[in-house]
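Here, residue 1 is the first one in the sequence, and each next residue gets the next number. Start at 1 and go down the list; that is how both ligands and their atoms are numbered.
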Amino acid sequence: MTPKHFLDIAAIDPGVLKEILARSHALKKDLSAKPLADRAVAMIFEKSSTRTRVSFERGIWQLGGQPIVMAAGDMQLGRSETPADTARVLSRLVDAIMIRANRHSDVQELAAHATVPVINGLTDRSHPCQIMADLQTVEEAAGTLQDLRMAWLGDGNNVCHSFIEAARAFNFHLSIATPAERKPDEEILAGAGNHASWSADPKIAAKGADIVVTDTWISMGDEDNKPALLSLLGPYQVDGALMSLAQPEARFLHCLPAYRGMEVTAQVIDGPQSLVFDEAENRLHAQKAILEWCLS
Ligand code: CP
Ligand code: NVA
């Protein structure tokens with residue numbers, strides 16, 4: 001039987017995604033579920049992490065399982081053992097694998113050869129676990145996702161890609177503003193149909209939005225491009241003026257880590273409209289629901 005991988009939002013049936021989201025809310029209130037009793041989850045990190053590392057490790061413990069955390073540089077994976085062989089070996093020893101990888105293709109290779117579920121904990125293409133936590137946060141604040149207007153401002157990056165995929169699955173609209181040079185992947189954008197729209201103008205995206213979202217301008221792996229990115233992305237900073245174009249009750253999201261004075265002002269991220277620390281906490285609950293689904 002093919003394992004239930006969680007690699008991308010668009011790869012999962014929308015009905016299943018909605019069930020996972022409902023379970024995230026339930027698990028936040030009920031710590032008694034132990035579906036991972038006597039099971040182990042390997043976590044592989046090729047890149048830095050605070051939230052993903054701690055929320056997965058804590059979540060696996062809370063579900064009764066054993067987390068095994070490895071920096072890829074300490075593994076033979078970091079000495080060119082293939083993702084395929086890594087998958088074959090880990091599948092004999094653990095019950096699921098979570099990986100944060102540089103290349104999305106490596107995660108796909110791992111999943112293709114694993115006989116246990118593989119969860120994408122961020123790649124250069126996407127960050128689906130983040131978006132499940134974001135949607136939980138929005139539902140808590142707004143009561144629904146249906147027909148909401150969300151705005152993505154800044155870089156058309158991995159987190160943006162998963163947001164675009166979620167717009168179609170959860171039936172909201174995502175208005176994206178990025179510089180043309182940092183436009184999200186055309187295929188992902190096209191896949192959202194009329195649930196996502198793009199413009200280079202941040203004012204167009206922010207106007208009337210219920211939820212305003214941004215992310216760091218310098219994603220992991222983009223450090224060499226920093227000067228060019230800073231000059232391109234300056235006009236997309238989420239500040240009070242941009243927030244004033246959104247709905248008066250609009251809320252602000254950022255997956256963190258945040259860089260105040262760059263992609264967002266301190267006034268916005270530390271102000272009353274910000275939900276960023278609820279969002280960070282919800283990584284725990286959302287990923288527990290994802291793990292439970294993968295292993296059910
Ligand atoms: N948002 C997020 O994935 O944070 P970390 O990089 O700290 O895991
Ligand atoms: N876009 C960011 C997200 C970090 C959680 C990055 O890839 O570094």
Side-chain angles (χ1 to χ4, degrees), residues 6-9 24 41 43-60 67 69-73 97-107 119-138 152-166 174 176-179 181-185 188 212-226 228-230 232-233 236-238 252-260 262-264 269 274-288 290-291:
F6 193 86
L7 300 185
D8 270 311
I9 297 291
S24 310
V41 181
M43 296 195 278
I44 304 171
F45 286 94
E46 288 186 356
K47 300 185 185 189
S48 305
S49 172
T50 298
R51 280 143 288 267
T52 305
R53 158 80 198 261
V54 177
S55 55
F56 262 108
E57 185 162 355
R58 189 75 191 113
I60 293 161
V69 185
M70 294 166 289
I97 304 165
M98 193 291 303
I99 179 162
R100 167 165 288 194
N102 292 310
R103 288 189 299 265
H104 195 74
S105 55
D106 286 347
V107 178
I119 299 173
N120 171 5
L122 181 146
T123 67
D124 54 347
R125 181 189 189 276
S126 55
H127 196 1
C129 294
Q130 179 67 54
I131 266 41
M132 294 304 286
D134 293 1
L135 299 182
Q136 181 175 2
T137 311
V138 173
W152 176 277
L153 299 159
D155 191 21
N157 65 14
N158 44 4
V159 181
C160 179
H161 288 159
S162 292
F163 240 112
I164 294 170
E165 292 185 347
L174 185 67
I176 303 155
T178 73
E181 297 86 339
R182 301 296 293 182
K183 196 174 173 181
D185 181 87
I188 295 175
V212 176
V213 195
T214 191
D215 185 13
T216 178
W217 288 341
I218 318 293
S219 283
M220 292 178 278
D222 281 345
E223 291 81 1
D224 290 349
N225 208 10
K226 186 171 175 178
L229 285 171
L230 293 187
L232 272 176
L233 288 159
Y236 298 83
Q237 182 187 67
V238 178
F252 172 76
L253 294 183
H254 187 312
C255 68
L256 306 177
Y259 300 91
R260 288 166 177 76
M262 308 269 271
E263 72 272 10
V264 61
I269 194 167
S274 176
L275 297 174
V276 299
F277 297 109
D278 290 334
E279 190 183 353
E281 181 197 321
N282 285 336
R283 295 292 302 280
L284 171 70
H285 314 297
Q287 287 157 192
K288 285 171 70 179
I290 292 166
L291 283 161

Going by the order shown, which atoms of ligand 2 are within less than 4.0 Å of some heavy atom of [X]?
X: Asn157; answer: 1 (N)
X: Leu122; answer: 3 (C), 4 (C), 5 (C), 7 (O)
X: Met220; answer: 6 (C), 7 (O), 8 (O)

Using a 3.5 Å distance criterion without hydrogens, assess whether the side chain of [X] forms a donor-acceptor pair with backbone atoms of [Y].
X: His161; Y: Asp185; result: yes
X: Thr216; Y: Ser219; result: no
X: Thr123; Y: Arg125; result: yes
X: Ser162; Y: His127; result: yes
X: Arg182; Y: Gly154; result: no
X: Asn157; Y: Cys160; result: yes

What about Leu256: any of its N or O atoms under 3.5 Å from an N or O on ligand 1?
yes

Can you find an N or O of Leu122 that's nearer than 3.5 Å to an N or O of ligand 1?
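So ligand 1 has no N or O lying under 3.5 Å from an N or O of Leu122.
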
Decide side chain to side chain donor-acceptor pair (under 3.5 Å) for Thr214 and Glu263; before the verdict, give the C-alpha distance in whole Å, the side-chain angles of both, and the deciding distance to 0.1 Å.
CA-CA 7 Å; Thr214 191; Glu263 72 272 10; over 6 Å; no

What residue and heavy atom of the protein are closest to [atom], and at what distance?
atom: atom 2 (C) of ligand 2; answer: Ser219 OG, 3.3 Å
atom: atom 2 (C) of ligand 1; answer: Arg283 NH1, 3.2 Å
atom: atom 3 (C) of ligand 2; answer: Asp215 OD2, 3.6 Å
atom: atom 7 (O) of ligand 1; answer: Thr50 N, 2.7 Å

For Cys255, the atoms of ligand 1 under 4.0 Å from one of its heavy atoms are 1 (N)

Hey, which atoms in ligand 1 end up nearer than 4.0 Å to a heavy atom of His127?
2 (C), 3 (O)

Determine whether Ile164 and Pro184 make a side-chain contact, defined as any pair of heavy atoms from C-beta on separated by less than 4.5 Å.
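Counting from C-beta outward, Ile164 and Pro184 do come under 4.5 Å.
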
Leu256 near ligand 2, heavy-atom distance under 4.0 Å?
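Judged by the 4.0 Å heavy-atom criterion, Leu256 does count as contacting ligand 2.
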
Asn158, any N or O under 3.5 Å of ligand 2 N or O:
yes

Strictly below 4.0 Å, N to O, side chains only: are Arg51 and Glu279 in salt-bridge contact?
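No, Arg51 and Glu279 are not salt-bridged.
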
Nearest neighbour of atom 6 (O) of ligand 1 from the list Arg53, Arg51, Lys47, Arg100, on a heavy-atom basis:
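Selected option, by shortest heavy-atom distance: Arg100.
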
